[in-house]
Asker: 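For reference, the structure I am asking about is given below.
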Amino acid sequence: MLVVMAAPRPGACATVALLLLMLTACQSDAPTPEEATRAANSAAARAASAASAAEIGGTLSAATRAAPLRLVATSTSDICHAGAAKGMWPHDDYRLSCGFSEIRYFGADGDLLSVLRAVDRRAKAAGLMPDTTSTIEDVERYYAANGKTDDGLRLPLPSLGYLVPGRGFTVRIGWPDAAPLDNPPVPDLAWPIVFVAAHSVDVDAVRRDLRRRHQQLVTISSGITYHEVPWPS
């Protein structure tokens with residue numbers, strides 16, 4: 001029996017080649033859970049975590065030393081997660097990324113704006129540089145206007161932040177009229193998260209205690225990416 005094969009249609013070979021290219025490009029080169037877990041628990045990653053925690057803790061302490069604040073609680077979070085697979089359209093710049101953050105909760109007596117001014121002076125004295133988009137002057141203007149424009153519209157909530165010179169991370173001050181003061185939830189240790197070490201705070205209980213004491217609630221927080229593993233070149 002004679003078998004006659006039809007000639008390929010114009011463009012068919014190009015289409016097949018493109019499909020093969022896409023399949024090859026989209027093959028995942030993401031780390032396995034075991035590989036990512038080993039990297040997150042490596043000596044290098046844990047040493048970087050400890051150094052970052054010490055640096056952030058020292059920065060927050062320096063920024064609040066001698067300020068009219070009473071520390072009542074501290075939450076910390078140390079999390080590593082794997083990056084999305086690098087294929088034709090990569091989603092992340094890293095294969096593994098680890099970050100540390102800390103939030104300190106304070107009680108303060110007296111007028112809130114006076115407290116924030118004192119914190120601002122202490123932060124500047126510690127060498128922190130005011131973020132140009134969230135300065136104490138912006139906060140003062142917000143409260144001077146009672147949070148409203150001349151037309152009675154609500155102004156954006158105020159914020160207060162500082163840059164840490166030469167380090168690339170920021171310090172943020174929070175209070176009830178500013179950014180939410182809720183403690184971020186601790187994520188489950190489930191892919192792509194491969195390392196979690198956290199201490200959370202019951203913020204509602206902190207608020208209730210400070211209200212009984214007739215004190216203001218103020219937070220200071222910061223975070224940094226301390227370890228990243230790049231994609232293979």
Side-chain angles (χ1 to χ4, degrees), residues 39-67 69 71 73-84 91-106 115-139 156-175 178-187 192-201 203 217-231:
N41 286 277
S42 67
R46 293 306 96 214
S49 171
S52 295
E55 180 178 20
I56 286 180
T59 300
L60 299 187
S61 293
T64 54
R65 189 173 295 120
L69 301 173
L71 182 64
T74 301
S75 69
T76 58
S77 177
D78 187 346
I79 299 173
C80 298
H81 58 91
H91 298 290
D92 294 312
D93 294 332
Y94 51 82
R95 188 174 174 85
L96 178 78
S97 181
C98 301
F100 178 87
S101 62
E102 179 174 331
I103 306 173
R104 296 187 183 183
Y105 300 82
F106 296 88
V115 170
L116 295 178
R117 288 186 180 119
V119 172
D120 178 70
R121 289 193 296 270
R122 182 57 237 171
K124 291 172 180 174
L128 303 186
M129 298 176 58
D131 186 332
T132 57
T133 62
S134 54
T135 67
I136 189 64
E137 290 78 17
D138 296 322
V139 175
L157 290 175
S159 60
L160 193 55
Y162 306 87
L163 306 177
V164 182
R167 294 299 298 129
F169 66 92
T170 60
V171 171
R172 293 289 172 187
I173 310 299
W175 61 97
L181 298 176
D182 293 332
N183 193 34
V186 178
I193 295 174
V194 293
F195 181 92
V196 175
H199 173 72
S200 60
V201 166
V203 181
L217 172 59
V218 176
T219 67
I220 181 169
S221 61
S222 189
I224 190 171
T225 298
Y226 64 80
H227 184 70
E228 279 192 346
V229 177
W231 295 100

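One is the number of the first residue; the rest follow in order along the sequence. Everything numeric here is computed off the predicted structure, so don't read it as measured data.
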Asker: Do Val203 and Tyr105 have side-chain heavy atoms sitting under 4.5 Å apart?
Answerer: yes
Asker: Could you go through residues 218-225 and list every donor-acceptor pair under 3.5 Å that involves a side-chain atom there, pairing it with any protein atom two or more places apart or in another chain?
Answerer:
residue: Thr219; atom: OG1; partner: Gly174; partner atom: N; Å: 3.4
residue: Ser222; atom: OG; partner: Thr170; partner atom: O; Å: 2.5

Asker: Would you confirm whether the ring centroid of His227 sits within less than 6.0 angstrom of the ring centroid of Tyr94?
Answerer: no
Asker: Taking all non-hydrogen atoms of both residues into account, name the closest pair between Ala62 and Arg122 and its distance.
Answerer: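 For Ala62 versus Arg122, the nearest heavy atoms are O-NE, 3.0 Å.
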Asker: Set out, in order, the CA-CA distance, both residues' side-chain angles and the distance that settles side-chain contact (heavy atoms from CB on, under 4.5 Å) for Leu116 and Ile173, then state yes or no.
Answerer: CA-CA 9 Å; Leu116 295 178; Ile173 310 299; 4.1 Å; yes
Asker: If you round to the nearest 0.5 Å, how far is OG1 of Thr59 from CG of Leu128?
Answerer: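 Between atom CG of Leu128 and atom OG1 of Thr59 there are 7.0 Å.
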Asker: Is any side-chain heavy atom of Ile56 closer than 4.5 Å to a side-chain heavy atom of Arg167?
Answerer: no
Asker: Minimum heavy-atom separation for Val139 and Ser159, please, with both atom names.
Answerer: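 Smallest interatomic distance, heavy atoms only, reads CG2-O, 3.5 Å.
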Asker: Can you tell me how far the OG atom of Ser101 sits from the OH atom of Tyr226, to the nearest 0.5 Å?
Answerer: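 Between Ser101 OG and Tyr226 OH, I get 10.5 Å after rounding to 0.5 Å.
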Asker: Just verifying a value: how many Å separate Asp78 CG and Phe100 CZ, rounded to the nearest 0.5 Å?
Answerer: 6.5 Å
Asker: In Å, rounded to the nearest 0.5 Å, how long is the span from CD1 of Ile103 to NE2 of His199?
Answerer: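 Rounded to the nearest 0.5 Å, the CD1-NE2 separation comes to 11.5 Å.
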Asker: Of the non-hydrogen atoms in Leu69 and Phe106, which two are nearest, and what is the gap between them?
Answerer: CB-CD2, 3.5 Å
Asker: List the atom of Ala178, the atom of Leu157, and the distance in Å for their closest heavy-atom pair.
Answerer: O-CD1, 3.7 Å
Asker: What's the shortest heavy-atom distance between Ala198 and Ser77, and which atoms?
Answerer: CB-CA, 4.1 Å
Asker: Run the salt-bridge test on Glu228 and Arg95 with the 4.0 Å N-O cut-off and return the result as yes or no.
Answerer: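 Looking at Arg95 together with Glu228, the answer is no, because their closest N to O distance does not fall below 4.0 Å.
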Asker: How far apart are the closest heavy atoms of His81 and Ile193, and which atoms are they?
Answerer: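 Of all heavy-atom pairs spanning His81 and Ile193, the closest is CB-CA, 3.9 Å.
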Asker: What's the verdict on side-chain contact (heavy atoms from CB on, under 4.5 Å) for Val194 and Asn41, showing C-alpha distance, side-chain angles and the deciding distance?
Answerer: CA-CA 9 Å; Val194 293; Asn41 286 277; over 6 Å; no
Asker: Only one of Asp131, Thr64, Leu60, Leu160 clears side chain to side chain contact (heavy atoms under 4.5 Å, CB included) with Val171; which?
Answerer: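 Of all the options given, the one that passes is Leu60.
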Asker: To the nearest 0.5 Å, tell me how far Trp231 CH2 sits from Asp93 CG.
Answerer: 10.0 Å
Asker: State whether a side-chain donor-acceptor pair under 3.5 Å links Ser134 with Arg172.
Answerer: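 Checked: Ser134/Arg172 side chains pair up, N/O donor to acceptor below 3.5 Å.
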Asker: Apply side-chain contact (heavy atoms from CB on, under 4.5 Å) to Phe195 and Ile79, showing your working.
Answerer: CA-CA 5 Å; Phe195 181 92; Ile79 299 173; over 6 Å; no
Asker: Please answer whether the main-chain N or O of Gly57 pairs with a side-chain N or O of Arg104 as donor and acceptor at a distance below 3.5 Å.
Answerer: yes
Asker: Taking Ser61 for its side chain and Gly58 for its backbone only, find out whether a donor-acceptor pair lies under 3.5 Å.
Answerer: no
Asker: For Ser49 and Ala45, indicate whether the former's side chain and the latter's backbone hold a donor-acceptor pair under 3.5 Å.
Answerer: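 Checking the backbone N and O of Ala45 against the side chain of Ser49, no donor-acceptor pair under 3.5 Å is found.
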Asker: If I take atom OG from residue Ser97 and atom CG from residue Asp92, how far apart are they, to the nearest 0.5 angstrom?
Answerer: 8.5 Å
